[in-house]
Amino acid sequence: MKVLVYGSGGRDHCLAECYGDSQHVEKVYLVPGNPGVLVTPKGKRGLIELVPLADFQQVADFCVENGVGLVDVGSENPLEEGLIDVLNQRGIPTVGPKQEYVRLESDRAFTDDLLKGIGVPKPEYRVFEDPGKAKEYVRNIGYQVVVKANGLAAGKGVIVCDDVPDAEDAIDKIMVQKIFGDSGNKVVVEERKYGNEISFFAYLDGEHVMPLRMFAKDYKPAFDPDDVEAIKQFGGNLNTGGTGCYCPHKLVSPWLVNRIIKEIVNPTVNEIYNHLGWTYKGVLYFGLNLDPYDNLDVFEINVRHGDPEWEVLARKLSTDLFEMGMAVWEGTLDRVRQVWNNQYYVDVIAMEGRSKASRGWNKGYPGRYGKGHRILGLDDIEKGIAVYFAGVDDNPEKGLVTYGGRVLHVVAGDSTLEGAREKAYRNIQKIVFEDHYNNGANCMRCRKTIGL
Ligand code: GLY
């Protein structure tokens, strides 16, 4: 079979690798992908091939002309723009929800009301379209809040606030300065929760649900908690959407998995199938919190895999991804058996750090970051370590260079969490982003506490 993965980030590269591992798959097209893929073994062999296609009709034409048997769409934007609908109209099998169903992620207020309506636990929240009213609310509420852009923001649209000035500032940033564009026309102000964050995933086939019996821990803040100087410079520990990840999460247990399924996944899926009447086929991502009093709460629902959560879960999952994908399309998930290996996995993300600009300095991700830094050290990465590429580009003179803030993932596995951490850090230290304006100094940065 031939599979097409649509996307260009680390999660999409990882999806392409997993389909490439399937015994049923002879070719994976990655649209548009990124040039990092071409330096990997599957890229070099042509098992994964990058295809630049301009629009969704071209993707559909390509699938028909090349006999593509399954398309998996990794990220929320093409889903929201209706890629699945276009492909399904042409009879092409897909993994991913239709445009209408993306509302679960692109309209927080809708999903919060849905969850509240069916009694799924979630923090107290209020929705505002007027920044003045939102500020009045946070001045009166007393407890700490988080302020969230209502629409899509690449997993970054949440500002965690310590006090009222923080919350007012967050409302200004999202609703007035529009740092997330029109996604900030509305905000959700939500009670701040403490505890352990859990990223939980389920596959849906329009009829059945297959919750993954394994979950991961994402590290969203840009800096390690003790990196006081950097946090001060950036005016807070900004939410990046993910700087690293590990699995199994320290809280994974059969009874907690069962509890999450019973309290959260099943009522939500029941609402989706039986009350909304949606034939949702794809992944649901539940962003959860378990507080010190053992209460579970839903922070958010997304309509796709997590990034970087998928990069570790995929390594631990031994079930053939093509068989899972076809089961999503054919409505046969009830017949799929989940198999997880017994390793721990740690994903550390190499980010653009402080670098010299033609004039002055770039602060580095998640602030302004430099681009075009030559990536060195990839040949020294040890066997068995996975590298998934995200923000990279190809330069005619320099070869592979940095292009985004989160550049690549180094994922290591071991029989212990400490062993996986040690391998991931030993290998990421081999990576150099050569700062050409600063005598070739290394401007790669990563968090040091992933998996701790
Ligand atoms: N890891 C956060 C996200 O994928 O949205």
Side-chain angles (χ1 to χ4, degrees), residues 5-15 18 72-80 95-97 102-108 111-112 146-160 174 179-180 183 188 190 193 196-203 212 214-223 237-249 282-289 297-316 345-351 365-366 388 390-391 404-411 446-447 449-451:
V5 174
Y6 192 93
S8 60
R11 168 186 44 207
D12 314 304
H13 176 194
C14 179
L15 277 167
C18 296
D72 196 327
V73 181
S75 61
E76 61 279 15
N77 290 101
L79 292 169
E80 204 208 15
V95 179
V102 177
R103 202 171 170 199
L104 286 169
E105 176 165 350
S106 65
D107 186 354
R108 286 185 197 274
T111 303
D112 288 346
V146 294
V147 182
K148 301 177 168 187
N150 188 57
L152 296 182
K156 303 179 177 78
V158 175
I159 302 183
V160 182
I174 296 177
I179 60 170
F180 304 117
S183 291
V188 177
E190 192 175 271
K193 286 278 178 178
N196 280 293
E197 261 192 76
I198 291 170
S199 300
F200 194 89
F201 299 89
Y203 274 80
L212 299 189
M214 177 55 52
F215 52 84
K217 158 79 182 159
D218 181 19
Y219 289 70
K220 292 193 173 94
F223 300 98
N237 208 352
L238 304 179
N239 175 8
T240 64
T243 57
C245 200
Y246 81 93
C247 85
H249 192 299
V283 176
L284 271 187
Y285 163 157
F286 297 84
L288 308 176
N289 185 64
D297 278 292
V298 181
F299 283 146
E300 63 183 6
I301 292 185
N302 297 321
V303 296
R304 51 170 174 89
H305 268 301
D307 191 355
E309 291 93 326
W310 175 245
E311 284 88 330
V312 288
L313 289 169
R315 302 281 296 164
K316 193 161 171 65
Y345 290 93
V346 170
D347 175 354
V348 184
I349 298 180
M351 297 176 270
Y365 182 78
Y388 299 119
R406 290 189 295 175
V407 179
L408 57 88
H409 303 242
V410 173
V411 185
C446 63
R447 279 190 53 170
T449 55
I450 308 302

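Both ligands and their constituent atoms are indexed starting at 1 by order of listing. In this text, all values refer to a predicted model and were calculated from it rather than measured experimentally.
Scanning all protein heavy atoms for the shortest distance to atom 2 (C) of ligand 1 gives Gly241 O, 3.1 Å.
Heavy-atom proximity to Asp218, at under 4.0 Å, picks out these atoms of ligand 1: 1 (N), 2 (C). For ligand 1, the atoms lying closer than 4.0 Å to a non-hydrogen atom of Gly306 are 4 (O).
Residues Asp218 and Pro308 are in side-chain contact: their nearest non-hydrogen atoms beyond the backbone lie under 4.5 Å apart.
The residues Arg304 and Glu105 are annotated as salt-bridged, a charged nitrogen and a carboxylate oxygen being separated by less than 4.0 angstrom.
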Let me see the working for Glu80 and Val303 under side chain to side chain contact (heavy atoms under 4.5 Å, CB included), right down to the final yes or no.
CA-CA 10 Å; Glu80 204 208 15; Val303 296; over 6 Å; no
Assess the residue pair Glu197 and Lys220 against the criterion (side chain to side chain contact (heavy atoms under 4.5 Å, CB included)); give the C-alpha distance rounded to whole Å, side-chain angles, the decisive distance to 0.1 Å, and a yes or no.
CA-CA 10 Å; Glu197 261 192 76; Lys220 292 193 173 94; 3.0 Å; yes
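When only interatomic distances are considered, the shortest N/O to N/O separation between Arg304 and ligand 1 falls below 3.5 Å. Close N/O approach between Asp307 and ligand 1 is found [any backbone or side-chain N/O within under 3.5 Å]. Of the N or O atoms in Glu300, none lie within a sub-3.5 Å distance of an N or O in ligand 1.
The ring pair (Phe, Tyr, Trp, His ring centres under 6.0 Å) test with His305 singles out one residue from Phe201, Phe200, Tyr285, and that residue is Phe201.
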